[in-house]
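Here is the structure we will look at.
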Protein chains: 2
Amino acid sequence: MNPMPQPNLMPTPEGQARNEEVFRTAASLMVQRGYAGTSMGDLAEAVGMTKAGLYHHIKSKQEMLFEILQFAMNVMEHEVIEPTRGIADPEQRLRNMIRLHVRVLFKHGLELTLLFPERRHLEPPQQEIIWQRVDRYQGLLRTSMRELAEQGKLRELDINVAASHILQTIAGIARWHPQGRGVAEALLAEQTVNFNLSAILKDS
Amino acid sequence: MNPMPQPNLMPTPEGQARNEEVFRTAASLMVQRGYAGTSMGDLAEAVGMTKAGLYHHIKSKQEMLFEILQFAMNVMEHEVIEPTRGIADPEQRLRNMIRLHVRVLFKHGLELTLLFPERRHLEPPQQEIIWQRVDRYQGLLRTSMRELAEQGKLRELDINVAASHILQTIAGIARWHPQGRGVAEALLAEQTVNFNLSAILKDS
DNA sequence: ACCTACCTACCGATCGTTCGGTAACATCCC
DNA sequence: GGGATGTTACCGAACGATCGGTAGGTAGGT
């Protein structure tokens with residue numbers, strides 16, 4: 001076993017595209033079947049190569065999951081957290097966080113919260129890394145709700161419970177409303193934004 | 001292979017208790033690790049018998065999952081749907097459905113919605129049976145919201161989307177707030193009821 | 001000559017499940 | 001009372017299949 005295999009130093013454009021396909025297909029299969037329910041044989045068949053061929057693109061199954069979750073968090077940070085952190089009005093910030101989060105789900109097929117429980121298959125240090133990144137996102141939700149409370153706009157509620165409820169409604173979109181199943185993405189985003197903001201705001 | 005093995009005709013009280021322990025422990029492990037991530041060896045070790053010993057209590061791993069989901073639906077129907085179906089006021093009906101649902105989660109440790117995705121490991125006819133039972137529950141949610149709409153009390157929203165959001169907030173309780181983790185069960189139930197009803201009602 | 005992107009063949013380990021068995025207990029008959 | 005018979009609740013060993021992964025290799029491109 002190569003203790004510290006290096007990624008390929010000079011991937012070709014085709015190789016890079018194949019690498020991305022491997023990870024995208026892996027994420028998609030693991031959302032449907034779970035991490036342990038998806039074999040490397042399944043993945044190899046889905047991308048049209050052998051199991052051995054996969055190991056040219058990945059270090060291990062577990063490392064692949066870790067990279068998928070890291071990538072998903074990268075997307076969340078770049079496409080949800082960073083664009084909204086600077087919004088001064090906490091209500092607008094929350095609306096935009098939820099709207100952008102739903103869009104990320106559709107754009108990348110990254111059902112992060114559906115893969116999130118699969119974090120249990122990682123080694124503890126990797127689990128901790130992912131947990132901290134997820135918690136930073138939740139922290140922004142909680143901070144925004146605290147600001148709303150300070151403005152007298154928040155209903156009487158437990159902010160931690162509300163934060164988890166908000167994340168669950170978003171997670172549920174990937175499960176209950178897969179792409180192309182009748183409800184438009186924009187409608188779904190707005191329904192989710194309105195559902196959650198009506199739940200937490202006094203005058204709404 | 002015995003094509004139609006019969007359950008034991010005359011289990012002893014101790015045997016019956018062991019049988020129930022096998023199923024309870026299996027449900028608990030599968031919530032934590034997933035169906036495919038939980039081996040029969042894991043389960044045997046957890047209940048203190050060999051793998052072969054398990055097969056005295058169960059027909060197969062897959063059949064065991066099916067029975068666990070059936071049992072969970074039985075509990076849902078007896079402890080949530082039946083007690084609330086007869087409530088005339090749709091708002092009170094919804095409040096009680098959500099409250100009782102949360103209580104069932106704590107009482108039975110039945111994180112139904114956390115095990116629900118594991119339905120994919122069943123054979124299609126069994127999947128269909130479970131799906132129909134779950135959909136009946138959702139149907140009561142949708143019916144209640146339609147009645148609220150007829151009374152002019154429902155916000156402008158997509159009832160299907162709202163129904164899935166409501167179920168997701170309940171599902172999230174088992175994930176984010178396991179028993180004994182700081183938030184009291186009664187508080188959690190009321191927070192969840194209020195979150196959801198605030199989300200869907202006009203004047204709240 | 002060297003590198004990338006694969007492949008075949010194979011490895012040790014684990015999987016779900018069964019086979020053939022045992023210990024303990026209950027029942028029946030002599 | 002004791003032996004024979006049957007049942008329940010398990011067990012050790014083993015099975016065929018699949019698992020994640022590697023060794024050694026090849027074709028094609030630079």
Side-chain angles (χ1 to χ4, degrees), chain A residues 1-26 29-30 33-68 118 120-123 126, chain B residues 1-26 29-30 33-68 118 120-123 126:
Chain A
M1 167 77 78
N2 188 345
M4 289 289 285
Q6 301 297 330
N8 299 318
L9 299 181
M10 304 278 288
T12 64
E14 295 86 357
Q16 184 65 34
R18 279 293 255 169
N19 186 269
E20 289 166 13
E21 183 187 356
V22 164
F23 279 88
R24 272 197 313 274
T25 305
L29 287 178
M30 288 195 232
R33 306 179 194 181
Y35 175 82
T38 305
S39 68
M40 299 303 280
D42 292 336
L43 176 56
E45 188 178 0
V47 297
M49 66 173 72
T50 63
K51 289 201 301 179
L54 286 178
Y55 285 89
H56 175 78
H57 294 276
I58 69 169
K59 178 186 169 194
S60 72
K61 187 181 185 188
Q62 195 179 50
E63 192 72 22
M64 178 179 69
L65 174 64
F66 183 54
E67 290 191 38
I68 288 169
E118 304 295 7
R120 64 194 161 198
H121 296 291
L122 298 178
E123 299 302 321
Q126 292 173 321
Chain B
M1 166 78 78
N2 187 344
M4 289 288 284
Q6 300 298 330
N8 297 317
L9 302 180
M10 303 278 286
T12 64
E14 294 86 356
Q16 183 65 34
R18 278 295 252 168
N19 185 269
E20 289 166 13
E21 182 186 357
V22 164
F23 279 90
R24 271 196 313 274
T25 305
L29 288 178
M30 289 196 233
R33 309 179 193 179
Y35 175 82
T38 304
S39 70
M40 299 304 279
D42 291 336
L43 176 56
E45 187 175 3
V47 297
M49 65 174 71
T50 63
K51 292 201 297 179
L54 288 177
Y55 286 87
H56 175 78
H57 295 276
I58 70 170
K59 179 187 169 196
S60 71
K61 186 183 186 187
Q62 195 180 48
E63 192 72 21
M64 178 179 68
L65 174 65
F66 182 54
E67 289 192 40
I68 288 168
E118 303 296 5
R120 64 196 162 197
H121 297 290
L122 298 178
E123 298 303 321
Q126 293 174 322

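In what follows, every chain begins at residue 1, and chains take the letters A, B, ... in the order their sequences are listed.
- The listed nucleotides are C:dG16, D:dA23, D:dG20; the one nearest the side chain of A:S39 is D:dG20.
- Base-pair partner of D:dT30: C:dA1 (Watson-Crick or G-U wobble, both distances under 3.5 Å).
- Between A:K61 and D:dG20 there is a side-chain polar atom (N or O) within less than 4.0 angstrom of OP1 or OP2.
- The structure places NZ of B:K59 at 10.5 Å from CZ of B:F66, a figure rounded to the nearest 0.5 Å.
- Proximity of a side-chain donor or acceptor of A:E118 to a complementary backbone N or O of A:Y35 within less than 3.5 Å is detected.
- Between B:M64 atom CE and C:dC15 atom C1' there is a gap of 14 Å when expressed in whole angstrom units.
- Atom-to-atom distance recorded for B:M30:CE and B:M64:CE is 3.5 Å, nearest 0.5 angstrom.
- Residue A:T50 places none of its side-chain N or O atoms closer than 4.0 Å to OP1 or OP2 of C:dT8.
- With rounding to whole Å, B:I58 atom CD1 is found 7 Å from C:dT17 atom P.
- Between B:T12 and D:dT8 there is no side-chain N or O to OP1 or OP2 distance below 4.0 Å.
- Regarding B:L43, its CG atom lies at a distance of 12 Å from the C1' atom of C:dG16, rounded to whole Å.
- For C:dC6, one of the phosphate oxygens OP1 or OP2 lies less than 4.0 angstrom from a side-chain nitrogen or oxygen of A:R18.
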Checklist line | A:E21 vs A:R24, salt bridge (Lys or Arg N to Asp or Glu O under 4.0 Å): CA-CA, chis, key distance, verdict | finding: CA-CA 5 Å; A:E21 183 187 356; A:R24 272 197 313 274; 5.6 Å; no

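- The interatomic distance linking B:H57 (NE2) with C:dT17 (P) rounds to 16 Å, in whole Å.
- Distances shown here put a side-chain N or O of B:Y55 below 4.0 Å from the OP1 or OP2 atom of C:dT17.
- Rounded to an integer number of Å, the gap from CE of A:M30 to P of D:dC19 is 14 Å.
- Straight-line distance from the CE atom of B:M40 to the C1' atom of D:dC15: 16 Å, rounded to whole Å.
- A distance of 9.0 Å separates CG of B:L29 from OG of B:S39, quoted to the nearest 0.5 Å.
- Of the side-chain N and O atoms in A:H56, none sit less than 4.0 angstrom from OP1 or OP2 of C:dC7.
- For B:P11, the listed nucleotide lying nearest its side chain is D:dA9; candidates were C:dT8, D:dA9, C:dT18.
- Between the CE atom of A:M49 and the P atom of C:dT8 there is a distance of 13 Å, rounded to whole Å.
- Among C:dC7, D:dT8, D:dG20, the nucleotide with an atom closest to any side-chain atom of B:M10 is D:dT8.
- Protein atom NZ of A:K59 is 17 Å distant from nucleotide atom P of D:dG20, rounded to whole Å.
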